[in-house]
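Reviewing the structure listed below.
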Amino acid sequence: MNQMKKVPARKGEPKTYSYTFVLPQLVGLGAGLAVALTVFFVLGILIGRGYRPEAEVPELARMMPVPVPANATAQEPQVLKPEELHYMEQLTQTSGAAKPQKAEAPKPESKPEAKTPAKDDKKAKADAEAKAKAKAVEAVRASEKAKAQKAEAQKSKPEAKAPARDQTGEGVFDYVYQAAAFKDRDPAEALRRRIEGTGLKTALETANESSGTWYRVMVLYCGTPSSTDDMREKLRSVGLGRPIMKSKKPAR
């Protein structure tokens with residue numbers, strides 16, 4: 001506990017007082033001072049940021065003066081312009097000239113005609129028949145086009161000729177025979193001239209083989225199998241033996 005002691009003063013000196021505090025009292029006194037400083041600091045921040053406590057507490061508003069802005073100036077009385085003095089006259093003139101317009105009655109909307117089921121059925125049948133006719137016409141055109149293309153293709157193909165036949169009905173063939181072969185060209189050419197002297201056709205064929213180049217004398221004959229005997233007889237007349245047949249094809 002704090003105790004106050006009165007110190008006796010001497011004559012002519014002022015009175016003095018002395019206080020004594022214990023440790024808990026000093027701590028409580030310091031805490032109270034800290035709380036008070038904190039409250040004052042918070043209030044200062046709020047007031048500085050525009051916080052108005054008088055709006056929440058009416059009693060504070062009564063005690064606080066009304067702030068006057070620094071840039072506030074006394075408002076001058078407004079004087080009406082000359083144009084504004086005739087406003088009432090213009091208003092009466094316009095109200096008298098305007099006449100109320102009668103509201104037009106809404107026109108009745110035209111309702112769509114109800115289609116009968118019979119008309120719908122007839123229309124559907126007509127459409128189906130038209131589609132069927134169109135499909136039939138397209139099918140006929142497609143078939144005609146296919147026939148025309150087939151006919152053109154057949155015309156473009158060469159007609160296969162039947163094998164030639166003689167008067168007796170025996171088939172005629174194109175024969176190729178090898179009459180002889182030489183290592184030199186000159187004797188081959190000489191033999192060709194001798195064979196052609198009998199009326200037969202000949203050709204000279206060159207063949208390159210491993211043993212060297214050979215010149216073959218070929219006999220070209222067209223006739224029936226039975227007529228080949230005459231061809232062989234002509235070859236015997238020039239000193240040749242039985243020829244070698246290389247090919248036999250039907251004559252066209």
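Numbers here are sequence positions counted from 1. What's counted below: heavy atoms across the whole structure, side chains too, no hydrogens, waters or symmetry copies.
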Could you grab the distance from atom CG of Leu191 to atom CG of Asp186, nearest 0.5 Å is fine?
-> 12.5 Å

Atom of Arg216, atom of Ala181 and distance for their closest heavy-atom approach = CG-CB, 4.0 Å

Atom pairs and distances, side-chain donor-acceptor, residues 130-150, under 3.5 Å, sequence neighbours left out:
from, atom 1, to, atom 2, distance (Å)
Ser143, OG, Ala139, O, 3.4
Ser143, OG, Val140, O, 2.7

Separation between CZ (Phe173) and OG1 (Thr224), nearest 0.5 Å, reads 9.0 Å

How far does OH of Tyr221 sit from NZ of Lys248, to the nearest 0.5 angstrom?
-> 12.0 Å

Looking at Tyr215 and Ala188, what are the two nearest heavy atoms and their distance?
-> CB-CB, 3.9 Å

Over 12 non-hydrogen atoms of neighbours within 6.0 angstrom of NZ in Lys249 = no

Here the pair of heavy atoms bringing Gly171 nearest to Pro225 is O-CD, 3.5 Å

Result block: side-chain N/O donor-acceptor pairs under 3.5 angstrom for residues 197-206, not counting sequence neighbours:
from, atom 1, to, atom 2, distance (Å)
Thr198, OG1, Ile195, O, 2.5
Thr202, OG1, Arg192, NE, 3.2
Thr202, OG1, Glu196, OE2, 2.6

Val217 side chain near Phe182 side chain, heavy-atom distance below 4.5 Å = yes

Please tabulate, for side-chain N and O atoms in residues 230-247, each donor-acceptor pair with protein atoms closer than 3.5 Å (sequence neighbours left out).
from, atom 1, to, atom 2, distance (Å)
Arg232, NH1, Thr228, OG1, 3.0
Glu233, OE1, Arg236, NH1, 3.0
Ser237, OG, Lys234, O, 2.3
Lys246, NZ, Gln178, OE1, 3.3

Heavy-atom closest pair (Cys222 atom, Asp174 atom, distance to 0.1 Å) is SG-OD1, 3.2 Å

